[in-house]
Protein chains: 2
Amino acid sequence: MAIIRNTIAKKAVFEIIQLNKTAMSQTEIFAKANNICDRVTVYRILERLVKEMKIHKIVNVNGVINYAPCNSCSHEQHVHHDHLHFSCTTCKKLTCISDNRIELNIPSNYQVAEVFLTVSGICPDCLIIT
Amino acid sequence: MAIIRNTIAKKAVFEIIQLNKTAMSQTEIFAKANNICDRVTVYRILERLVKEMKIHKIVNVNGVINYAPCNSCSHEQHVHHDHLHFSCTTCKKLTCISDNRIELNIPSNYQVAEVFLTVSGICPDCLIIT
DNA sequence: TATAATTATGCAACATTGTTGCGTTTACAA
DNA sequence: TTGTAAACGCAACAATGTTGCATAATTATA
Ligand SMILES: [Mn+2]
Ligand SMILES: [Mn+2]
Ligand SMILES: [Zn+2]
Ligand SMILES: [Zn+2]
């Protein structure tokens with residue numbers, strides 16, 4: 001079993017993700033990290049944090065991968081998240097929205113593993129401004 | 001108002017998309033196009049076909065953008081598709097699955113525009129092989 | 001048909017996002 | 001304190017997508 005090390009960079013990256021209200025891409029996280037480590041290291045730290053189930057991965061509607069903290073992830077729910085994501089077309093922010101039950105209507109010959117549900121539109125912050 | 005031109009390359013790209021059972025990325029489409037045009041042209045043709053509502057765009061779970069033909073797209077439904085997509089973890093193919101009603105449970109201060117629902121798992125073809 | 005205007009293309013160059021290999025450093029257990 | 005696995009930096013690469021600009025093809029219209 002591999003030993004998990006809590007390096008300075010890893011702690012910093014995790015804190016950046018935790019303190020932010022919305023999900024962030026590697027680029028955004030690296031920008032906030034103030035050159036605490038190389039950008040490749042950020043990628044590798046993110047991989048580890050996902051594996052350790054401290055954060056989860058979300059593909060935004062434009063194809064860019066974002067990361068957000070896991071709040072109550074069990075081993076089974078870690079990837080197959082029970083919540084949806086909201087992608088704001090104005091501020092481009094991606095937000096985790098609390099649990100949402102959906103009923104899938106898929107032919108029985110498909111074996112379902114994970115459900116990815118992302119809704120785009122305008123977030124509350126951007127609606128106020130308008 | 002812009003005039004729509006049906007060029008040889010555009011017809012070829014559209015036919016490639018129509019004849020394929022699953023959605024395809026620009027890379028796959030270009031590979032099948034047999035150097036009928038430059039790869040940049042394929043990107044531009046895809047943009048036009050999306051605008052003309054002949055095809056639609058789907059972001060796969062890995063972040064790569066795929067394209068599939070539109071079957072019964074109205075102006076309103078063009079992007080806000082009423083169907084879900086199945087992403088096979090084995091053969092990596094992305095398939096459009098016919099309509100699927102879902103009930104969203106989003107706070108009312110979010111203004112919803114489009115819904116993106118992608119399910120991953122194992123497709124029927126890959127299940128048979130196993 | 002000839003000419004002008006518009007649309008589409010090729011090519012080169014660039015941007016962004018993500019990955020890999022490898023030698024070196026660091027964290028942690030013993 | 002020290003050995004070793006884990007993490008890191010750096011350089012190089014890969015995949016995907018975008019932009020500018022000169023040229024070619026198509027369509028409009030005189
Ligand atoms: Mn989330
Ligand atoms: Mn589809
Ligand atoms: Zn917003
Ligand atoms: Zn499959």
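Chain letters run A, B, ... following the sequence lines, proteins first, then strands; residues in each count from 1.
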Identify which nucleotide among [options] has an atom closest to any side-chain atom of [X], counting heavy atoms from C-beta outward.
| X | options | result |
| --- | --- | --- |
| B:Asp38 | C:dG10, C:dT9, D:dC8 | C:dG10 |
| A:Cys37 | C:dT17, D:dG9, D:dG17 | D:dG9 |
| A:Ala9 | D:dC8, D:dT16, C:dT9 | D:dC8 |
| B:Arg48 | C:dT9, D:dG17, C:dT20 | C:dT9 |
| B:Thr27 | D:dG17, D:dT16, D:dT27 | D:dT16 |
| B:Arg44 | C:dT19, D:dT19, C:dT7 | D:dT19 |
| A:Val40 | D:dC8, D:dT18, D:dC10 | D:dC10 |

Requested in this report: For the pair A:Lys92 and A:Glu28, evaluate salt bridge (Lys or Arg N to Asp or Glu O under 4.0 Å) and give the outcome as yes or no after the intermediate values.
Outcome: CA-CA 12 Å; A:Lys92 311 294 175 197; A:Glu28 294 170 292; over 6 Å; no
Spacing of [X] atom [atom1] relative to [N] atom [atom2], expressed in whole Å:
| X | N | atom1 | atom2 | result |
| --- | --- | --- | --- | --- |
| A:Tyr43 | D:dC10 | OH | C1' | 16 Å |
| A:Asn60 | C:dT17 | CG | P | 12 Å |
| B:Ile8 | C:dT9 | CD1 | P | 10 Å |
| B:Ile36 | C:dA8 | CD1 | C1' | 14 Å |
| A:Tyr67 | C:dT17 | OH | C1' | 10 Å |
| A:Ile65 | C:dT17 | CD1 | P | 11 Å |
| A:Arg39 | C:dT17 | CZ | P | 10 Å |
| A:Ile45 | C:dG18 | CD1 | C1' | 16 Å |

Query raised in the report: Just checking A:Ser25: base, sugar-phosphate only, or nothing, at a heavy-atom cut-off of under 4.0 Å?
Result: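 Here A:Ser25 touches no strand at all.
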Query raised in the report: Starting at the 5' end of DNA chain C, which residue's closest nucleotide do you reach first, B:Arg5 or B:Thr41?
Result: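 Counting from the 5' end, the first nearest nucleotide belongs to B:Arg5.
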Report task. From the options B:Leu49, B:Thr7, B:Ile36, B:Ile8, select the one residue that forms a side chain to side chain contact (heavy atoms under 4.5 Å, CB included) with B:Val13. Result ->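 Only one of B:Leu49, B:Thr7, B:Ile36, B:Ile8 forms a side chain to side chain contact (heavy atoms under 4.5 Å, CB included) with B:Val13, namely B:Leu49.
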**Report entry** Check against side chain to side chain contact (heavy atoms under 4.5 Å, CB included), B:Ile17 and B:Leu46
**Finding:** CA-CA 10 Å; B:Ile17 296 171; B:Leu46 291 170; 3.7 Å; yes
Query - OP1 or OP2 of C:dT26 under 4.0 Å from side-chain N/O of A:Thr7 - result: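 Negative; the distance criterion is not met.
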Query raised in the report: Can you tell me if CD on A:Gln18 sees more than 12 non-hydrogen neighbours from other groups inside 6.0 Å?
Result: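 Above 12, so yes.
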**Report entry** Check: A:Leu104 and B:Leu117 side chains under 4.5 Å, non-hydrogen atoms
**Finding:**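 Counting from C-beta outward, B:Leu117 and A:Leu104 do come under 4.5 Å.
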